[in-house]
Structures are given as C-alpha cells and as structure tokens.
Amino acid sequence: MPDRATHIALLVAVAAAITWALRALPFAILAPMRDSIVVRYLSTHMPLGVMAMLAIYTLRGHTDGSARQTLWLAIAVALTSVLHWTRSRALLSILVGTATYVTLMSLWP
Amino acid sequence: MSVTAPIGLAFIPLGVALGLLVVHAGLDWWWAPVFAAVIYAGSLEFLIVGLAATAAPVSAVALTSFIVNSRHAFYALSFPLGRVRGVLGKLYSTYTLSDEAYAVAVGPGAAHWSSRAILMMQAALQGLWVTGAALGGLLGEALPIERLRGLDFALTALFVVLAIDAYRQRPDRVTALSAVGCAVLAWLVVPGQLLVCAFAAFTVVLLARLAYERHADA
C-alpha cells in the first residue's frame with residue numbers, strides 16, 4: 001500500500017522536524033533567558049512530570065476494561081517499578097516487566 | 001569515550017525492542033531503522049509505532065512530538081554547542097541532541113572535549129541506535145512475534161523507568177504527584193486528548209506553584 005507508506009513517511013517527517021526545532025531553536029531563543037526564574041523552574045521540573053504523564057498515557061492503550069487485564073497491568077507496573085527502584089538497571093526492569101506482562105496475557109488473557 | 005560505551009551498549013537492546021515493536025504493530029521491518037535515524041528521539045519513536053500503525057492524523061503526531069520532546073528545549077541552557085565548530089557541525093549536533101548525548105556532553109568526563117570529540121560521540125550513539133533498530137526489525141521478521149500479546153508494555157515500562165530515573169535526579173514528591181494527578185484527571189475528563197490536556201494542566205500547576213513559592217519567600 002503506497003498510500004500507507006506515504007502517510008507514515010509524512011508522520012516521520014513531521015515528528016523529526018518538530019523534534020529538531022525543539023532541540024535547535026532554544027539555543028537562539030531560550031539560552032539568552034537562562035537566568036529567567038520561570039525557565040529554570042520549568043527545566044528542573046518538566047522531565048519528571050513529562051515521563052510520569054507519558055507512563056500513564058501509555059497505560060491507556062492496554063486496558064480493555066476487564067478486571068483481569070487491569071490486574072495484570074498493575075502487577076507488571078509494580079514489578080517494573082520495584083525492580084528499578086531497588087536495582088536501577090533500566091534494561092533489566094523493562095525486560096522483566098514486559099516478559100511478565102506478555103506471559104500473564106498469553107496464559108490468562 | 002569511556003562514558004559513551006555503557007550508554008551505547010544499552011542502545012543495542014533498546015533499539016532491538018523498537019524494531020520488534022515495529023514488526024509487531026504490522027509495519028514493514030525497515031521502518032525501524034528509518035524511525036531510528038530520521039526521528040532519533042527514542043521515546044517518541046516508540047510512541048510513533050502505534051500512531052503510524054493506526055494511521056493517526058498529522059496533528060496528533062505533531063502534538064505528541066511537541067509534548068514528548070519539549071524537555072529537549074531546556075538542554076540549550078547547558079549543552080556546549082559553543083564548542084562545536086562549523087554550521088554543518090552545529091546542525092548535526094542539534095539534530096542528534098538526544099537525552100543521552102546531552103547527559104554525556106555535560107558530564108564531567110566531557111568538560112574539555114573538542115568539537116570533533118563531541119560530534120564523534122553523537123555519531124556513535126546514533127549509529128548504534130540505528131543498528132539496534134535494524135537488528136530488531138530483522139529479528140521480528142524472522143520470529144512469529146505477531147502472536148505475542150502485550151509486547152507493547154515495553155513502552156510503559158520504559159517510561160516508568162525514565163520517570164524513576166528523573167525522580168532520583170530531582171526527588172520532588174509534589175512534582176511527581178501533580179503530574180500523576182494531571183494525567184489521571186485528563187484520562188477521566190478528556191480521554192481522547194489525554195496527553196495535551198495533562199501537559200497543559202501540569203504546566204499551569206508548575207507556574208502556580210512557582211508563583212506561590214516566590215510569594216512565600218517574599
């Protein structure tokens with residue numbers, strides 16, 4: 001399907017352009033404002049906030065509303081968090097959390 | 001280069017995960033290295049997989065890209081772009097200014113790096129990321145991966161891990177709780193526009209908090 005490929009290529013181009021703009025333009029616009037209290041405050045608090053919101057945003061795709069699937073999701077999220085909190089090995093946490101969820105979903109969907 | 005090596009090694013398996021998800025979502029495997037090379041923003045690429053597979057509108061991708069990568073805007077405050085020479089060098093350096101490249105470049109090990117060393121580090125990271133994604137795509141083609149259910153949980157796990165890392169760097173419970181609160185509230189009220197509404201609400205909360213703290217200080 002050439003239409004589908006064209007659309008995906010367009011999406012990739014848009015994502016790349018916005019990402020580059022966010023990386024390059026601030027050197028001209030934001031860097032002169034590095035002493036601004038507002039800019040510094042946002043820059044220290046944004047990363048944690050954005051990551052936490054994205055984690056919740058991605059949960060939405062998993063839940064079909066059934067109690068069992070929600071339980072598997074809760075177990076996998078808890079396991080990933082505890083593992084990363086105690087071991088801080090990013091790959092290990094992601095791998096074990098995902099493997100657990102896939103296993104639970106395959107055995108008891 | 002010793003600081004780059006461990007990060008680069010983590011790029012291969014994570015890139016493989018991206019490649020697997022691309023195939024799992026029903027896209028051609030070669031989209032994985034294309035996403036990796038052209039977008040080159042890890043967490044956004046993982047999100048684009050789902051958006052591309054469902055033929056999401058351009059506006060949705062634009063908004064998502066803006067929110068996910070808004071944090072990069074603040075890297076300009078401290079990334080040593082002044083040491084990178086030439087227009088082409090600066091263009092490439094900003095294009096590939098990923099979280100990891102930023103972390104290495106502002107780290108103590110890179111305090112005296114030349115233009116060439118900074119660019120080489122960025123090229124090495126991008127090269128490894130693209131290689132991992134291509135490997136994952138090919139691996140996904142070879143394995144019956146479509147049958148695995150719930151593989152996209154890797155994306156949730158990735159953000160949980162990144163959030164915990166961000167918390168460790170700046171342990172602030174109020175920030176964490178207000179972000180979670182904004183996201184949950186947006187989920188309940190405007191599930192179709194969760195991300196953009198949560199982001200807007202969170203920004204307002206931060207600004208209000210700053211105003212309150214300055215008022216309390218005065």
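The chains referred to below are lettered A, B, ... by the order of the sequence lines, with proteins before strands, and numbering in each begins at 1.
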Point to revise | Heavy-atom closest contact (B:Arg170 atom, A:Thr44 atom, distance) | key: CD-O, 3.3 Å
Point to revise | Heavy-atom contact with chain A under 4.5 Å, split by part of B:Ser178 | key: neither
**Study point:** Side chain A:His7, main chain B:Ala56, donor-acceptor under 3.5 Å
**Key:** yes
Review point. Who among A:Ala21, A:Ala13, A:Ala76, A:Pro109 has the most heavy-atom pairs with chain B under 4.5 Å?
Key: A:Ala76
Practice item. Mind ranking B:Val174, B:Val180, B:Val184 by heavy-atom pairs under 4.5 Å with chain A and telling me who comes out on top? Key: B:Val180
Practice item. Take B:Arg149 and A:Val102, measure what side-chain contact (heavy atoms from CB on, under 4.5 Å) needs, and give me the verdict at the end. Key: CA-CA 6 Å; B:Arg149 293 194 57 184; A:Val102 168; over 6 Å; no
Revision key, fill the gap. When the 4.5 angstrom heavy-atom criterion is applied to A:Ala17 and chain B, the contacting part is neither
Practice item. Verify side-chain contact (heavy atoms from CB on, under 4.5 Å) between B:Thr203 and A:Met46, making sure each step is shown before the conclusion. Key: CA-CA 8 Å; B:Thr203 309; A:Met46 245 344 151; 3.6 Å; yes
**Study point:** Atom group of B:Leu44 that falls short of 4.5 Å from chain A, counting heavy atoms
**Key:** side chain
Point to revise | A:Arg40 and B:Phe74, any side-chain heavy atoms less than 4.5 Å apart | key: no
Practice item. May I ask you to test the B:Phe202-A:Met53 pair for a side-chain heavy-atom distance under 4.5 Å? Key: yes
Review point. Which pair of heavy atoms, one from A:Ala15 and one from B:Ile39, lies closest together, and at what distance?
Key: CB-CD1, 4.1 Å
Exercise for review: Pick one of side chain, backbone, both or neither for B:Tyr102, based on which atoms fall under 4.5 Å of a heavy atom in chain A.
Suggested key: neither
Study note, to complete from the structure: Whatever's closer than 4.5 Å to a heavy atom in chain A on B:Leu207 counts as side chain
Practice item. Could you grab the distance from atom CD1 of B:Ile164 to atom OG of A:Ser81, nearest 0.5 Å is fine? Key: 4.5 Å
Practice item. Take the angle between the ring planes of A:Trp20 and B:Tyr95 and call it parallel below 30°, perpendicular above 60°, tilted in between. Key: perpendicular
Review point. What are the two closest heavy atoms between B:Ala179 and A:Ala52, and how far apart are they?
Key: CB-CB, 4.1 Å
Practice item. Over all heavy atoms of both residues, which pair between A:Thr19 and B:Ala41 is shortest? Give the atoms and the distance, please. Key: CG2-CB, 4.0 Å
Exercise for review: Sort out for me which of B:Val205, B:Val61, B:Leu81, B:Leu77 touches chain A most, counting heavy-atom pairs under 4.5 Å.
Suggested key: B:Leu77
Point to revise | 4.5 Å side-chain heavy-atom contact, B:Phe153 and A:Val77 | key: yes
Check your understanding: Do A:Ile94 and B:Leu14 have side chains that get closer than 4.5 Å, going by heavy atoms?
Key -> yes
**Study point:** Max heavy-atom pair count under 4.5 Å with chain B, selected residue of A:Thr103, A:Leu104, A:Ile37, A:Leu25
**Key:** A:Ile37
Point to revise | Heavy-atom proximity to chain B below 4.5 Å, by part of A:Tyr41 | key: side chain
Point to revise | Toward chain B, the part of A:Leu30 with a non-hydrogen atom under 4.5 Å | key: both
Review point. Does the side chain of B:Leu195 reach to within under 4.5 Å of the side chain of A:Leu54, using non-hydrogen atoms?
Key: yes
Exercise for review: Determine, stepwise, if the pair B:Phe79 / A:Arg23 fulfils side-chain contact (heavy atoms from CB on, under 4.5 Å).
Suggested key: CA-CA 10 Å; B:Phe79 185 82; A:Arg23 285 170 174 173; over 6 Å; no
Point to revise | Nearest heavy-atom neighbours spanning A:Thr98 and B:Ala154 | key: OG1-CA, 3.2 Å
Exercise for review: Give, as side chain, backbone, both or neither, the part of B:Phe46 having an atom under 4.5 angstrom from any heavy atom of chain A.
Suggested key: neither
**Study point:** Inter-residue atom distance A:Ile56.CD1 - B:Thr156.OG1, 0.5 Å rounding
**Key:** 10.5 Å
Exercise for review: With a 4.5 angstrom heavy-atom cut-off, could you sort out which part of A:Thr100 is near chain B: side chain, backbone, both or neither?
Suggested key: neither
Point to revise | Top of B:Asn69, B:Thr96, B:Leu97, B:Leu47 for chain A proximity - count of heavy-atom pairs under 4.5 angstrom | key: B:Leu97
Revision key, fill the gap. Here the gap from A:His84 atom NE2 to B:Asp165 atom CG, rounded to the nearest 0.5 Å, amounts to 3.5 Å
Check your understanding: What are the two closest non-hydrogen atoms of A:Ala31 and B:Ala76, and how far apart are they?
Key -> CB-O, 4.0 Å
Revision key, fill the gap. Under 4.5 Å to a heavy atom of chain B? For A:Leu42 that would be both
Review point. Could you state the interatomic distance from CG (B:Leu151) to CE (A:Met105), rounded to the nearest 0.5 Å?
Key: 11.5 Å
Revision key, fill the gap. Among B:Val160, B:Leu162, B:Leu206, B:Leu194, the residue with the most heavy-atom pairs under 4.5 Å to chain A is B:Leu206
Exercise for review: Examine whether an atom of B:Ile48 lies under 4.5 Å from a heavy atom of chain A, and if so say whether it belongs to the side chain, the backbone or both; otherwise answer neither.
Suggested key: side chain
Review point. Side-chain contact, heavy-atom cut-off 4.5 Å: A:Val50 with B:Val68?
Key: no
Exercise for review: First locate atom CZ of A:Phe27, then atom OH of B:Tyr75, and finally report the distance between them rounded to the nearest 0.5 Å.
Suggested key: 11.5 Å
Exercise for review: Identify which part of A:Val96 has an atom lying under 4.5 Å from any heavy atom of chain B, answering side chain, backbone, both or neither.
Suggested key: neither
**Study point:** Largest heavy-atom contact set with chain A, pairs under 4.5 Å, which of B:Ile67, B:Leu27, B:Leu91
**Key:** B:Leu91
Point to revise | Greatest number of heavy atom pairs closer than 4.5 Å to chain A - which of B:Arg209, B:Arg71, B:Glu45 | key: B:Arg209
Practice item. Using a 4.5 Å cut-off on heavy atoms from C-beta on, say whether the side chain of A:Tyr57 contacts that of B:Phe159. Key: no
Exercise for review: Would you mind checking which part of B:Ser70 comes under 4.5 Å of any heavy atom in chain A, side chain (CB onward), backbone (N, CA, C, O), both or neither?
Suggested key: both
Check your understanding: If we only count heavy atoms from C-beta on, is the A:Ser88 to B:Arg168 side-chain gap below 4.5 Å?
Key -> yes
Point to revise | Verdict with reasoning, A:Leu11 to B:Phe35, per side-chain contact (heavy atoms from CB on, under 4.5 Å) | key: CA-CA 10 Å; A:Leu11 297 184; B:Phe35 286 6; over 6 Å; no
Revision key, fill the gap. Heaviest contributor of heavy-atom pairs below 4.5 Å to chain B, chosen from A:Leu91, A:Leu95, A:Leu83, is A:Leu91
Review point. So what's closer than 4.5 Å to chain A heavy atoms on B:Glu213: side chain, backbone, both or neither?
Key: side chain
Revision key, fill the gap. Greatest number of non-hydrogen atom pairs under 4.5 angstrom with chain B, of A:Thr80, A:Leu22, A:Val38, A:Leu10, falls to A:Leu22
